[in-house]
Amino acid sequence: MNIPIDKLTKFQGNYDWYKKHGEGYRIVYFYSDNTYKVGTFCKNIEGFMIDFVEVEPIEDENDIPAFISIDDLLSRYLLDVQDACAVAIYKTDGTCISKKNRNDLKKK
């Protein structure tokens, strides 16, 4: 699915954060009613692992789980967001990097 660039570069109704931080990546959740939600932004894909920290506050980089692979990252998001039927990583220029469907998660 093509996600409009303005949806990937907008946060809380404005583009100020994008002007400050520039290009990066967004997590996009897809739902069974053909809707989607644009989620977290990171400058690099490995940075999304901060969403899976098990302790708060983060006191050390070791508190952040190690990045294993994009597939592992997408599986973690699917396990966290039970009502999503798929999850993907998009560049803020609109390019889909990778997408994983919930059905693919259940096959493992």
Side-chain angles (χ1 to χ4, degrees):
M1 170 183 262
N2 290 331
I3 306 295
I5 293 172
D6 68 314
K7 300 284 186 191
L8 297 169
T9 56
K10 188 186 268 188
F11 183 71
Q12 295 181 342
N14 66 62
Y15 301 96
D16 293 341
W17 72 272
Y18 182 74
K19 291 175 187 171
K20 180 178 178 182
H21 298 287
E23 293 294 319
Y25 301 88
R26 299 292 300 264
I27 296 295
V28 179
Y29 304 95
F30 296 92
Y31 300 94
S32 58
D33 62 356
N34 291 322
T35 61
Y36 64 88
K37 177 184 168 200
V38 178
T40 309
F41 166 84
C42 278
K43 288 296 280 181
N44 58 54
I45 293 173
E46 294 83 359
F48 287 115
M49 293 306 291
I50 200 164
D51 286 343
F52 303 103
V53 171
E54 294 182 9
V55 296
E56 297 271 343
I58 300 170
E59 294 182 9
D60 186 78
E61 268 191 46
N62 292 327
D63 293 339
I64 302 169
F67 176 80
I68 297 170
S69 68
I70 290 175
D71 184 66
D72 174 69
L73 179 67
L74 294 176
S75 294
R76 288 172 184 259
Y77 278 114
L78 283 171
L79 291 171
D80 272 7
V81 183
Q82 291 295 314
D83 58 337
C85 63
V87 65
I89 299 173
Y90 278 80
K91 282 191 73 161
T92 51
D93 69 3
T95 305
C96 180
I97 302 301
S98 186
K99 182 177 179 180
K100 185 166 190 163
N101 294 308
R102 183 161 303 280
N103 293 340
D104 297 334
L105 183 66
K106 291 178 182 178
K107 290 178 185 175
K108 288 187 172 186

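Side-chain atoms are counted along with the backbone in the values below, which use heavy atoms only and exclude waters and symmetry mates.
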Trainee: Take atom CG of Asn2 as the centre, draw a 6.0 Å sphere, and report whether it contains more than 12 heavy atoms from other residues, nucleotides or ligands.
Mentor: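 No - once you tally the heavy atoms of other residues, nucleotides and ligands closer than 6.0 Å, there are 12 at most.
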Trainee: Is there a donor-acceptor pair under 3.5 Å between the side chain of Lys99 and the backbone N or O of Val87?
Mentor: no
Trainee: Can you name the nearest heavy-atom pair linking Ile70 to Phe67, along with the distance?
Mentor: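 Here Ile70 and Phe67 meet closest at N-CZ, 3.6 Å.
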Trainee: With hydrophobic residues grouped by side-chain heavy-atom distances under 4.5 Å, do Ile68 and Ile97 end up in a single group?
Mentor: no
Trainee: Around Lys43, counting heavy atoms of other residues, nucleotides and ligands shown, do more than 12 lie under 6.0 Å from its NZ?
Mentor: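 Atom NZ in Lys43 is packed in, count exceeds 12.
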Trainee: Would you sort out whether Asp51 and Tyr77 count as a side chain to side chain donor-acceptor pair (under 3.5 Å), showing the intermediate values?
Mentor: CA-CA 9 Å; Asp51 286 343; Tyr77 278 114; 2.5 Å; yes
Trainee: Do any N or O atoms from the side chain of Thr9 and from the backbone of Ile5 form a donor-acceptor pair under 3.5 angstrom?
Mentor: yes
Trainee: Does CD belonging to Glu61 count more than 12 external heavy atoms closer than 6.0 Å?
Mentor: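 No - once you tally the heavy atoms of other residues, nucleotides and ligands closer than 6.0 Å, there are 12 at most.
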Trainee: Considering residues, nucleotides and ligands other than Asn34, do more than 12 of their heavy atoms fall under 6.0 Å from its CG?
Mentor: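 Incorrect, the count does not exceed 12.
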Trainee: Closest approach of Leu78 and Ala84, non-hydrogen atoms and distance?
Mentor: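 Heavy-atom minimum between the residues: CD2-O, 4.1 Å.
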Trainee: Okay, side chain of Thr92, backbone of Gly24: is any donor-acceptor separation there less than 3.5 Å?
Mentor: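 Side chain of Thr92 to backbone of Gly24: a pair is present.
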Trainee: Using a strict 4.0 Å threshold on nitrogen-to-oxygen distance, state whether Asp72 and Arg76 make a salt bridge.
Mentor: yes
Trainee: Test side-chain contact (heavy atoms from CB on, under 4.5 Å) on Phe52 and Asp80; report intermediate values, then the result.
Mentor: CA-CA 9 Å; Phe52 303 103; Asp80 272 7; 3.3 Å; yes
Trainee: Any sub-3.5 Å donor-acceptor pair from Asn101's side-chain atoms to Asn103's backbone N or O?
Mentor: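 Pair absent, no side-chain N/O of Asn101 close to backbone of Asn103.
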Trainee: Could you tell me how the ring of Tyr36 sits relative to the ring of Phe30: parallel (under 30°), tilted (30 to 60°) or perpendicular (over 60°)?
Mentor: tilted
Trainee: Give a yes or no answer on whether the side chain of Arg26 reaches the backbone of Gly39 with a donor-acceptor pair at less than 3.5 Å.
Mentor: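 Pair found, side chain donor or acceptor close to backbone of Gly39.
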Trainee: Which heavy atom in Val81 sits nearest to a heavy atom in Arg102, and how many Å separate them?
Mentor: O-NH2, 2.8 Å
Trainee: Ignoring hydrogens, what is the shortest heavy-atom contact between Ile64 and Ile50? Give both atom names and the distance.
Mentor: CG2-N, 3.9 Å
Trainee: Consider only side-chain N and O atoms of Ser69 and Asp71, and report whether a donor and an acceptor are under 3.5 Å apart.
Mentor: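 No, because no side-chain N or O of Ser69 sits under 3.5 Å from a partner of the opposite role on Asp71.
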